[in-house]
Visitor: 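For reference, the structure I am asking about is given below.
All heavy atoms count here, side chains included; hydrogens, waters and symmetry mates do not. Numbering of residues begins at 1 and proceeds along the displayed sequence. Just follow the structure's listing: the first ligand is 1, and inside any ligand the first atom is 1.
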Amino acid sequence: MVRVIQTLLTWYQDYHRKMPWRETNDPYKIWISEIILQQTRVQQGLPYYLRFIDKYNTVSDLALAEESEVLKLWQGLGYYSRARNLHKGAKIIHETYHGQFPEDFDKIIELPGVGDYTASAISAFAFNKRVVAVDGNVKRFAARWLGIGISVDKPAFLKETKMGLLELLGDHASPNLFNQAIIELGATVCTPVNPRCEDCPLQDSCIAFRKNQQLELPITPQKNKPVSIKLVFFAVKQNNGWALIQRDESSVWANLYEFPNGEVEDLDQEPMGLFESFVEKHPQEIKIIGYKDFKHLLSHRSIKARCWLVEASETFEMPAKWVMKNAASMGEVPVHRLMEKMMEFAGVWK
Ligand code: SF4
């Protein structure tokens with residue numbers, strides 16, 4: 001095992017990709033990077049990480065920011081609960097731990113949005129704790145290298161993975177580098193479709209390679225198909241202002257702004273009647289201009305949306321829940337990607 005880990009770490013020193021969060025042991029910065037990378041590829045996440053760290057250099061800077069400001073900085077990354085959890089977590093660290101990031105694994109894992117992988121990654125990268133951080137890349141590598149024939153979603157898989165990798169780590173002085181190395185190996189060599197076994201430093205000791213099972217492992221569970229929903233939006237313009245609603249805390253896209261909308265059975269419904277049902281009154285003072293259809297895919301939902309462009313006269317009274325924003329301030333409110341596309345269609349900034 002000592003020889004295997006040495007080979008792995010030498011490979012890592014020679015071939016790893018340089019990333020700013022690998023150059024620091026500041027737990028706050030590592031936490032930010034790990035949350036960004038939870039559902040985002042490195043290339044897309046990097047500029048967000050740099051902007052985040054630039055604007056909120058310490059955990060207390062983030063704790064004291066407005067949530068809408070944090071969501072705005074996150075705009076375009078999706079999975080907005082990550083940004084809200086970072087903000088909540090920063091407040092906890094600022095208030096409960098006086099701005100000092102906790103070192104104890106049990107306290108780290110209690111932070112909102114932090115699971116076993118993220119708590120382990122922070123413990124290893126920032127505090128050099130003897131833990132194994134098991135993300136998707138490590139699961140794939142471990143299933144093959146250790147030859148684990150259990151579905152990756154089963155607790156027994158995680159248990160075997162951790163046991164096998166902790167045994168490999170042994171009492172090596174650098175759990176930090178070890179964890180970086182197995183994540184990097186999974187991401188760049190032991191890849192999902194065509195693992196590059198010919199370039200792998202651990203080929204000699206890999207069970208899947210010996211048994212020619214690289215493409216059979218890991219065993220993954222069947223994915224549920226995303227649920228289809230149809231949404232109709234109304235981009236309502238009055239003078240130089242646009243009508244928006246803010247989504248509630250418990251919904252997908254929580255707290256983000258969007259054009260007033262509702263779920264429908266059939267997108268081809270006549271728009272005036274639909275608009276009437278939205279505003280619960282007879283809207284004589286509006287003019288329907290046209291529409292555009294959009295498709296948008298979330299992890300559990302496949303959305304078909306139709307956005308109607310509407311001009312409202314000065315006398316049209318907006319429902320109480322709608323807020324008016326002028327074109328200049330539309331750029332400051334946090335919105336999701338589908339809304340960005342609809343704002344482009346509506347010509348918000350023209
Ligand atoms: Fe993955 Fe191939 Fe290396 Fe085994 S030999 S760990 S399957 S890349």
Visitor: Using ring centroids (six-membered ring only for Trp), state whether Y97 and F101 fall under 6.0 Å.
Guide: no
Visitor: May I ask you to say whether E332 pairs ionically with K72, meaning some side-chain N is under 4.0 Å from a carboxylate O?
Guide: no
Visitor: Check whether any N, O or S atom of C190 sits under 2.8 Å from atom 1 (Fe) of ligand 1.
Guide: yes
Visitor: Which atoms of ligand 1 are found less than 4.0 Å from any heavy atom of Q203?
Guide: 5 (S)
Visitor: Could you find the nearest protein heavy atom to atom 4 (Fe) of ligand 1 and give me its residue, atom name and distance?
Guide: C206 SG, 2.3 Å
Visitor: Does a side-chain N-to-carboxylate-O contact under 4.0 Å join D268 and R306?
Guide: yes
Visitor: Suppose I only count heavy atoms of R144 and a 4.0 Å limit; which atoms of ligand 1 are within that range?
Guide: 7 (S)
Visitor: State whether R337 and E340 are salt-bridged, where the test is any N-O pair (Lys NZ or Arg NE/NH1/NH2 against Asp/Glu carboxylate O) under 4.0 Å.
Guide: yes
Visitor: Evaluate the ring planes of W21 and Y49, with Trp represented by its six-membered ring, and classify them as parallel (under 30°), tilted (30 to 60°) or perpendicular (over 60°).
Guide: perpendicular
Visitor: Kindly assign one of parallel, tilted or perpendicular to the pair H296 and W253, based on the angle between their ring planes and the thresholds 30° and 60°.
Guide: tilted
Visitor: Which residue holds the protein heavy atom closest to atom 2 (Fe) of ligand 1, what is that atom called, and what is the gap in Å?
Guide: C197 SG, 2.3 Å
Visitor: Find all atoms of ligand 1 within a distance of less than 4.0 Å from any non-hydrogen atom belonging to Q214, and give their numbers and elements.
Guide: 7 (S)
Visitor: Any N/O/S atom, backbone or side chain, of C200 lying under 2.8 Å from atom 3 (Fe) of ligand 1?
Guide: yes
